[in-house]
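Structure first, commentary second.
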Amino acid sequence: MDLRRELQRAHDAARPTLATGRVADYIPALGAADPNAFGLALATVDGEVHGVGDWQTDFSIQSVSKLFTLALALATGEAVWHRVGREPSGTPFNSLVQLETEHGIPRNPFINAGAVVVTDRLLTLTGDAAGAVREFLRAESGNPRLDTDLVVAASEAEHGHRNAALAHFIASYGNLENPVEAVLGHYYAHCAITASCRDLALAGLFLARHGVRRNGGRLLSRSEAKRINAVLLTCGTYDAAGEFAYRVGLPGKSGVGGGILAVVPGRGTLCAWGPALDRAGNSVGAVAALDAFTTATGWSIF
Ligand code: GLU
């Protein structure tokens, strides 16, 4: 199969959809992104890397970082599953409503509330949660320049009333180990990391390799990698994970910066990016490209 040609076709299929989306601006520093930017990258477990369009342009990874915080928390210490669930929430990513009836235990690690708990755990385990994510991404992507965009992180903090409310609410149930301000600082700093489709596709390969890192060392057991992929499939793409599974058929994590990282276990990873989002918060172009690619190639878990 000519993978490069398939990527180009998927890219071409996605382009016309870009005009139907909207760039996220609730974090003001994200609002300046170009809605017509679009890139798509593929990395395989055999070491091939291909890309089309703006695949080497840096963007704000936002919630794509949450899959790395979860992987590192699970790799570094005991499980976090008594503090966060693994069911789809059926509510927006930044919703507060379930936390009260569910006693401060967020539904899953990929909504904001759950990611705050995982960041807290990683902060306890490493002393530097955002730094741990950054170092991991640098090592796996081979890009030593990959870093947090401090302007985006500051913009998130300044407009982060909802995340602060979530974090304080979780703390009121005794489900945070560190001060709210410290946890939020690390949460914003890992969300505000900038990376390209190329970087993220390479960084996510450990999930396609069933837990094995670029250097051959094991980050997670095969079973843990399977479980992260399972939670990505059911909870990784906001309140549209069912639609994403239907159209793309892969575990994936999206972010409001417009990136989606998808895993083809045993084969590779795909990362698509376009800042124009649909109503659920997923990049319209990224979903369209992944849909086109997996439909044409059969690269799906189903
Ligand atoms: N940092 C963003 C927030 O907390 C992440 C949102 C996202 O990408 O889903 O709102």
Side-chain angles (χ1 to χ4, degrees), residues 62-126 129 132-133 160 162-178 180 183-184 186-187 190-191 204 207 211 219-246 250-256 260-263 265 280-282 301:
Q62 291 298 316
S63 282
V64 180
S65 62
K66 295 173 183 172
L67 91 80
F68 298 102
T69 49
L70 178 64
L72 291 172
L74 290 176
T76 316
E78 97 266 14
V80 292
W81 297 121
H82 59 292
R83 295 179 53 196
V84 61
R86 39 183 189 254
E87 290 294 345
S89 69
T91 58
F93 68 100
N94 56 3
S95 173
L96 278 143
V97 292
Q98 283 162 350
L99 275 179
E100 180 154 29
T101 50
E102 299 180 5
H103 310 291
I105 307 288
R107 271 286 173 99
N108 70 66
F110 298 138
I111 52 174
N112 286 8
V116 163
V117 169
V118 175
T119 300
D120 175 57
R121 186 71 198 127
L122 191 59
L123 182 55
T124 300
L125 290 167
T126 64
V133 175
R162 191 170 271 265
N163 285 327
L166 287 168
H168 280 290
F169 209 57
I170 294 166
S172 78
Y173 284 99
N175 197 13
L176 281 191
E177 297 167 334
N178 297 283
V180 164
V183 177
L184 287 176
H186 282 269
Y187 171 81
H190 67 65
C191 286
L207 285 176
L219 180 74
L220 300 168
S221 70
R222 194 179 176 99
S223 151
E224 284 168 329
K226 176 204 75 178
R227 289 173 172 168
I228 293 183
N229 280 327
V231 183
L232 286 171
L233 182 75
T234 54
C235 309
T237 42
Y238 303 119
D239 202 14
E243 181 69 7
F244 188 79
Y246 175 83
L250 292 175
K253 184 74 205 84
S254 52
V256 294
I260 302 184
L261 174 57
V263 183
N282 294 312
I301 60 168

> Do Tyr238 and Ser254 come within less than 4.5 Å of each other through their side chains, counting heavy atoms only?
Replying inline: yes
>> Walk me through whether Leu176 and Val180 qualify under side chain to side chain contact (heavy atoms under 4.5 Å, CB included).
In response: CA-CA 8 Å; Leu176 281 191; Val180 164; 3.9 Å; yes
> Taking C-beta and beyond as the side chain, do Phe110 and Leu232 meet within less than 4.5 Å on heavy atoms?
Replying inline: yes
>> I need the minimum non-hydrogen distance between Ala167 and Val116, along with the two atoms involved.
In response: CB-CG1, 4.1 Å
>> Can you give me the closest heavy-atom contact between Ala73 and Val118, atom names plus distance?
In response: CB-CG1, 4.0 Å
>> Is there a side chain to side chain contact (heavy atoms under 4.5 Å, CB included) between Val80 and Val117? Walk through the geometry before answering.
In response: CA-CA 9 Å; Val80 292; Val117 169; 5.8 Å; no
>> Is any side-chain heavy atom of Asn178 closer than 4.5 Å to one of Thr119?
In response: no
> In Å and rounded to the nearest 0.5 Å, what is the CD1 to CG distance from Ile111 to Asn94?
Replying inline: 10.0 Å
> Atom CG of Leu125 and atom CG of Leu72: how far apart are they, to the nearest 0.5 Å?
Replying inline: 10.0 Å
>> Taking Leu99's backbone N and O only, do any of them form a donor-acceptor pair with Glu102's side chain (distance below 3.5 Å, no angle check)?
In response: no
> Given side chains that start at C-beta, do those of Asn175 and Ile105 come closer than 4.5 Å, heavy atoms only?
Replying inline: yes
> Looking only at heavy atoms, which two atoms of Ala245 and Leu233 are closest? And how far apart?
Replying inline: CB-CD1, 4.0 Å
>> Could you report the tightest heavy-atom contact between Ala113 and Ile170, atom names first, then the distance?
In response: O-CD1, 3.5 Å
> Do Val84 and Trp81 have side chains that get closer than 4.5 Å, going by heavy atoms?
Replying inline: yes
> With side chains defined as the heavy atoms from C-beta onward, is the minimum distance between Asn229 and Leu250 less than 4.5 Å?
Replying inline: no
>> Any donor-acceptor pair under 3.5 Å linking the side-chain atoms of Tyr187 with those of Asn112?
In response: yes
> Measuring from Glu87:CD to Arg107:CZ, what's the distance to the nearest 0.5 Å?
Replying inline: 7.0 Å
> Residues two or more places apart in sequence or in another chain: which of them pass side chain to side chain donor-acceptor pair (under 3.5 Å) with His186?
Replying inline: none
>> So which atom in Asn108 and which in Ser89 form the shortest heavy-atom distance, rounded to 0.1 Å?
In response: ND2-N, 3.8 Å
>> For a quick test of reading the model, state the closest non-hydrogen atom pair linking Leu220 to Ala71 and the distance between them.
In response: CD2-O, 3.6 Å
> So with a 6.0 Å cut-off around OH of Tyr246, is the heavy-atom count from everything else above 12?
Replying inline: no
>> According to side chain to side chain donor-acceptor pair (under 3.5 Å), who are the partners of Glu177, at least two apart in sequence or on a separate chain?
In response: Arg83, Arg121, Thr124
> Once you round to the nearest 0.5 Å, how far does SG of Cys235 lie from CG of Leu67?
Replying inline: 13.0 Å
>> I need the Phe93 CZ to Thr237 OG1 distance, nearest 0.5 Å.
In response: 13.5 Å
> Is there a donor-acceptor pair closer than 3.5 Å between any side-chain N or O of Ser95 and the backbone N or O of Pro92?
Replying inline: no
>> Rounded to the nearest 0.5 Å, what separates atom OG1 in Thr91 from atom CG in Leu96?
In response: 9.5 Å
> Quick one: do the Lys66 and Thr69 side chains pair a donor with an acceptor below 3.5 Å?
Replying inline: no
> Is it true that a side-chain atom of Lys253 and a backbone atom of Leu261 form a donor plus acceptor pair closer than 3.5 Å?
Replying inline: no
> Is the closest side-chain heavy-atom distance between Leu207 and Pro265 below 4.5 Å?
Replying inline: no
> Tell me, do Phe68 and His190 make a side-chain contact under 4.5 Å, heavy atoms counted?
Replying inline: no
